[in-house]
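The basis for the numbers below is simple: all heavy atoms, side chains too, and nothing from hydrogens, waters or symmetry mates.
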Amino acid sequence: MRKLTVLLILIILLALLGTLRSKFPGLAIFKPSSLFTGGAKADRGAGRVGEKIIYEVKLGKMYLGQSEFRHLKKTTLDGRPVNLVTFQTKITNFSDLETIYSNADDYLPLRVERDIRNWFRREKIIEVYDQKNFTASITKHNGTSSGRKEEIQIKKDGPIQNAVLLPYYLRRIEKLRVGWNMKVDFPTQQLLITLVSIETVEVPAGFFKAYYFESTPPKVKIWVSADDLRIPVKIEGNGLLSYAMSMKKYIYKE
């Protein structure tokens with residue numbers, strides 16, 4: 001019974017992680033040889049097609065599983081070129097895969113497809129964004145695409161962002177100084193992201209000099225490597241069940 005209770009808590013945590021995920025984004029002071037693999041160094045504004053980042057996911061000191069971010073080759077959506085990334089989290093009997101299509105120039109989301117599976121059920125979520133009219137349409141299917149569905153319409157006053165893509169906004173900013181901030185509108189909440197300090201952070205991949213960001217209200221903390229790559233090396237979510245995602249490995253292949 002005790003084991004079952006722990007597993008149920010972990011499943012609830014990952015569900016919260018999926019909704020809170022304000023998934024991402026330093027000069028590496030130490031880089032083990034096993035960390036960076038692949039081809040030439042990516043350009044900060046180039047989009048990093050071929051990039052893969054693997055994170056360990058923890059609740060406190062408890063290891064839950066891992067997440068993997070991948071930037072795939074550009075594709076088309078409704079006849080126009082778009083960026084394509086995936087983000088997948090896996091723990092025991094739980095998986096959450098996000099496939100995200102975004103504007104080719106600014107990484108604003110256009111379509112997000114989520115496939116969530118656990119012991120009890122499977123859920124599919126489709127998010128469609130109209131960045132000209134600042135609207136998002138979210139459809140949830142329980143079971144399969146033919147199962148019971150819920151639809152939500154959201155209207156904002158400006159562009160709507162996606163938590164997984166947020167690091168690309170940070171990576172594209174030429175000059176970051178302590179005190180810099182940016183308002184971020186997600187479909188269900190609004191945050192103010194502030195650069196609090198430049199500090200050294202330790203993750204499984206090593207030690208990094210990183211830009212440290214906090215949100216207001218205090219929902220997320222983000223550490224982004226303070227180098228040309230601007231790698232999201234650590235992300236923490238604050239809430240009922242707090243979690244931490246720390247980089248284990250970075251791979252870049254053109």
Side-chain angles (χ1 to χ4, degrees), residues 11-25 47 53 55 57 67-90 94-118 121-170 172 182-191 193 215 219-220 222 232 235 237 239 243 245:
I11 290 170
I12 293 170
L13 168 68
L14 266 293
L16 288 172
L17 198 161
T19 56
L20 290 177
R21 185 156 54 236
S22 297
K23 203 148 101 18
F24 285 87
I53 309 172
Y55 299 89
V57 182
S67 294
E68 181 179 295
F69 171 86
R70 297 186 67 191
H71 193 167
L72 306 177
K73 291 183 179 179
K74 292 182 184 292
T75 185
T76 59
L77 180 69
D78 298 328
R80 62 168 166 162
V82 294
N83 299 310
L84 175 61
V85 305
T86 61
F87 188 84
Q88 185 167 30
T89 299
K90 286 185 176 181
F94 181 92
S95 174
D96 183 0
L97 171 63
E98 294 185 58
T99 302
I100 305 170
Y101 302 85
S102 64
N103 282 334
D105 55 348
D106 59 13
Y107 290 92
L108 286 173
L110 298 172
R111 181 181 177 90
V112 180
E113 301 170 357
R114 291 185 66 187
D115 188 356
I116 304 170
R117 306 179 187 217
N118 59 40
R121 66 176 183 172
R122 179 181 180 183
E123 184 177 52
K124 285 183 172 289
I125 302 174
I126 305 294
E127 304 172 12
V128 178
Y129 295 83
D130 179 346
Q131 297 292 357
K132 292 182 179 179
N133 296 305
F134 312 136
T135 62
S137 175
I138 302 174
T139 305
K140 299 180 181 181
H141 298 271
N142 292 326
T144 64
S145 58
S146 60
R148 183 172 65 87
K149 72 177 183 179
E150 305 171 31
E151 295 186 27
I152 303 171
Q153 302 293 325
I154 295 170
K155 173 70 175 174
K156 294 284 187 172
D157 296 327
I160 307 173
Q161 303 197 41
N162 174 271
V164 174
L165 299 178
L166 178 58
Y168 283 93
Y169 276 80
L170 302 178
R172 288 157 54 90
M182 176 179 72
K183 185 182 75 170
V184 177
D185 256 324
F186 296 123
T188 58
Q189 62 182 330
Q190 184 181 94
L191 301 177
I193 304 294
S215 72
K219 296 290 186 180
V220 67
I222 305 171
I235 302 96
Y243 66 90
M245 295 172 47

I'd like to know whether Y107 forms a side chain to side chain contact (heavy atoms under 4.5 Å, CB included) with Q161, so could you lay out the CA-CA distance, the side-chain angles of the two residues, the decisive distance to 0.1 Å, and finally the verdict. CA-CA 8 Å; Y107 290 92; Q161 303 197 41; over 6 Å; no
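- Atom CG of D157 sits in a sparse spot, with 12 or fewer heavy atoms from other residues, nucleotides or ligands closer than 6.0 Å.
- Residue R111 comes nearest to Y129 through the heavy atom pair N-CD1, 4.3 Å, listed as atom of the first residue, atom of the second, then distance.
- When every heavy atom of P81 is checked against every heavy atom of A104, the shortest pair comes out as O-CB, 3.7 Å.
- The backbone N or O of T89 sits nowhere less than 3.5 Å from a side-chain atom of D96 that would complete a donor-acceptor pair.
- Checked by atom type, the side-chain pair T139/E151 shows no donor-acceptor distance below 3.5 Å.
- Counting only N and O atoms by type, the side chains of K74 and N83 include a donor and acceptor under 3.5 Å apart.
- To the nearest 0.5 angstrom, K73 atom NZ is 11.0 Å from T75 atom OG1.
- Panel note: side chain K156, backbone A136; no donor-acceptor pair is recorded below 3.5 Å.
- Pairing each heavy atom of T76 with each of V82, the nearest pair is C-CG2, 4.0 Å.
- Here the side chain of N133 pairs no donor or acceptor atom with the backbone of T135 at under 3.5 angstrom.
- Side-chain atoms of Q131 come within 3.5 Å of backbone N or O of P109 as a donor-acceptor pair.
- Using a distance-only test at 3.5 Å, with no hydrogens or angles considered, a donor-acceptor pair links the side chain of S215 to the main chain of V220.
- Of all the heavy atoms in I138 and P187, the pair that sits closest is CD1-CB, 4.2 Å.
- Between D115 and R117, at least one side-chain N (NZ, or NE/NH1/NH2) sits under 4.0 Å from a carboxylate O, which counts as a salt bridge.
- Side-chain atoms of D106 come within 3.5 Å of backbone N or O of L108 as a donor-acceptor pair.
- F186 pairs with exactly one of I154, L191, I160 by the side chain to side chain contact (heavy atoms under 4.5 Å, CB included) rule, that one being L191.
- Atom CD1 in I100 sits 9.0 Å away from atom CG in L84 (nearest 0.5 Å).
- Using modelled atom types, no side-chain atom of E113 and backbone atom of E98 make a donor-acceptor pair closer than 3.5 Å.
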